[in-house]
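The structure under discussion appears below in the form of C-alpha cells.
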Amino acid sequence: MQIASILVKAGMYVSVLLAAGSVINLWLLTELDAAAGRRLRRLAAWSAVVGIVFSALNIPLRAAFFYGGFGGALDPMMLQIALFSPLGLSVEADILGLLGIATIAINRSWTRPVAALGVVLVAISFALRGHATGDPRLALSTLFVIHILAASFWIGGFYPLYDMAERGNEATVRTVERFGQAALVMVGLLVAAGVVILVILAGDPIAVLTQPWGQFLTLKLAVVALLLGLAGLNKLRLTPALAETGNAGPLRASIRWEVAAFLVILLVTATFTSTVAPEHVG
C-alpha cells in the first residue's frame with residue numbers, strides 16, 4: 001500500500017504543480033509567441049486533467065489505510081470517512097482548482113482569471129493537509145501556500161523555456177531573461193519558506209539528522225542545492241551565451257537536467273510523506 005501511496009503522491013505532485021506553474025508562466029512570460037502559448041495552455045489543461053485523477057485516487061487510498069487493506073478502497077463507510085477528513089477537504093479544493101486551470105485551454109478572456117483562481121485554490125489545498133495543519137496553523141498554512149506557488153512557478157517554467165530556446169532569437173533571450181529575473185524572487189521565497197517550515201516542524205535541525213525522515217529531508221535538500229546550482233549556471237553562463245551566439249543547445253541540456261532533479265525531489269517528497277514522516281506533522 002505504501003508503494004501505491006508513493007506513486008499516487010508523486011504523480012499528483014508532478015501534474016498539479018505543472019498545471020499551476022504553466023498558468024503562472026503564461027501570465028509571466030509575455031514574450032512567448034502564439035505557438036508556444038498554445039502549447040503551454042494545452043500542457044496546463046492536460047496536466048490539470050491528470051492531476052484530477054491522481055488527486056481523486058488519494059481518497060480510496062486513504063480509505064484503504066483506515067480499513068487496513070485495499071478492500072477499504074471500495075468500502076462506502078471508509079470512503080465517507082476519508083472524504084470528510086482534512087485530506088478529503090484538501091482533495092476537493094485541489095480538484096476544484098484544477099477544473100479552473102483546465103479552462104485555460106479555451107483561450108478566452110474569462111478563462112485567465114478563472115485559471116488564476118484555480119492556481120490559488122491548488123496552493124491553498126496543500127495548506128489543508130499534513131504538515132500544514134500543525135501549530136502554528138496560520139503561519140504554516142501561509143508558508144506552504146508560498147512554497148507551493150514558488151515551486152509551481154519553477155517547474156512550470158521548464159517547458160516554455162525549453163520550447164522557446166529552440167528558436168534562438170531575441171524573443172527567446174528576453175523570455176529566458178524575464179524568467180531568470182522572476183526566479184530570483186520566487187526561488188528566494190521557495191527556499192526561505194522551506195527553511196522556516198523546517199525550523200517550525202523540526203525544532204532542533206541537528207537532532208533531525210538522527211531520524212530516518214531527517215535523512216530523507218537531507219537528501220531532498222542536497223538535490224535542491226544541485227537544482228539551484230543548475231539555475232545559477234543558466235542565469236550566469238548559459239543565458240548570456242545564448243544571447244551572444246544563438247546556440248540554445250547547452251541551455252536546453254541544462255533544463256533537461258533541472259527537470260530530472262525536480263522529479264527526484266518530488267519522488268523523495270512522496271516517499272518521505274508516505275513512509276517516515278514524523279507523526280506530529282501528519
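Between L32 and D163, the closest side-chain pair of non-hydrogen atoms is not below 4.5 Å. Contact of the L26 side chain with the R112 side chain is registered, since non-hydrogen atoms from C-beta on lie closer than 4.5 Å. Between R256 and V259 the shortest side-chain heavy-atom distance does not fall below 4.5 Å. The side-chain heavy atoms of V16 and F126, taken from C-beta on, include a pair separated by under 4.5 Å. With a 4.5 Å cut-off on side-chain heavy atoms, V264 and V268 count as touching. Taking the side chain as every heavy atom from C-beta outward, I148 and S152 approach each other to under 4.5 Å. Between W154 and L17 there is no side-chain heavy-atom pair separated by less than 4.5 Å. In this structure the side chain of L74 never reaches within 4.5 angstrom of the side chain of P60, judged on heavy atoms.
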Original post:
Between M164 and V176, is a side chain to side chain contact (heavy atoms under 4.5 Å, CB included) present by the stated rule, with each step listed?
Top reply: CA-CA 8 Å; M164 285 292 289; V176 175; over 6 Å; no
**OP:** Start with the C-alpha distance between N25 and F179, add both sets of side-chain angles, then the distance that settles side chain to side chain contact (heavy atoms under 4.5 Å, CB included), and finish with yes or no.
**Re:** CA-CA 8 Å; N25 281 280; F179 181 85; 3.5 Å; yes
**OP:** Could you go through the ring pair (Phe, Tyr, Trp, His ring centres under 6.0 Å) check for Y13 and F54 one step at a time?
**Re:** CA-CA 9 Å; Y13 291 155; F54 276 113; over 10 Å; no
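To the nearest 0.5 Å, the span separating CZ on R39 from OG on S22 amounts to 13.0 Å. Here the CG atom belonging to L61 is positioned 9.5 Å from the NZ atom belonging to K9, to the nearest 0.5 angstrom. Here the CG-CZ distance, from L161 to R178, works out to 12.5 Å after rounding to the nearest 0.5 Å. Atom CG of L263 is separated from atom CD of E258 by 12.0 Å, given to the nearest 0.5 angstrom. A distance of 11.0 Å separates CD1 in I124 from CG in L89, rounded to the nearest 0.5 Å. Taking CG of L96 as the start and CG of L121 as the end, the distance is 5.5 Å to the nearest 0.5 Å.
No path of Ile, Leu, Val, Met, Phe, Trp and Tyr side chains, each step under 4.5 Å between heavy atoms, connects F153 with L184, placing them in separate hydrophobic clusters. Placement of V196 and L140 within a single hydrophobic cluster is found when ILVMFWY residues are connected by side-chain heavy-atom separations under 4.5 Å, directly or transitively. Residues L99 and L83 share a single hydrophobic cluster, defined by chaining ILVMFWY side chains whose heavy atoms lie under 4.5 Å apart. With hydrophobic clusters built from ILVMFWY side chains whose heavy atoms lie under 4.5 angstrom apart, I106 does not share a cluster with L117. Both V50 and I24 are members of a single hydrophobic cluster when ILVMFWY side chains are connected at heavy-atom separations under 4.5 Å.
Residue A20 comes nearest to V122 through the heavy atom pair CB-CG1, 4.4 Å, listed as atom of the first residue, atom of the second, then distance. Shown here for A193 and L143, the closest heavy-atom pair between the two residues is CB-O, 3.7 Å. Of all non-hydrogen atoms in R41 and I104, the two that sit nearest each other are CD-O, 3.2 Å. Considering every non-hydrogen atom in both L28 and A182, the closest pair reads CD2-CB, 3.6 Å. Nearest approach of S55 to L98, heavy atoms of both residues: OG-CD1, 4.1 Å. Shortest non-hydrogen contact noted between A19 and A48 is CB-N, 3.6 Å.
Aromatic ring orientation, H147 versus F144: perpendicular (interplanar angle above 60°, classes split at 30° and 60°).
Within 6.0 Å of OH on Y162 lie more than 12 heavy atoms contributed by other residues, nucleotides or ligands.
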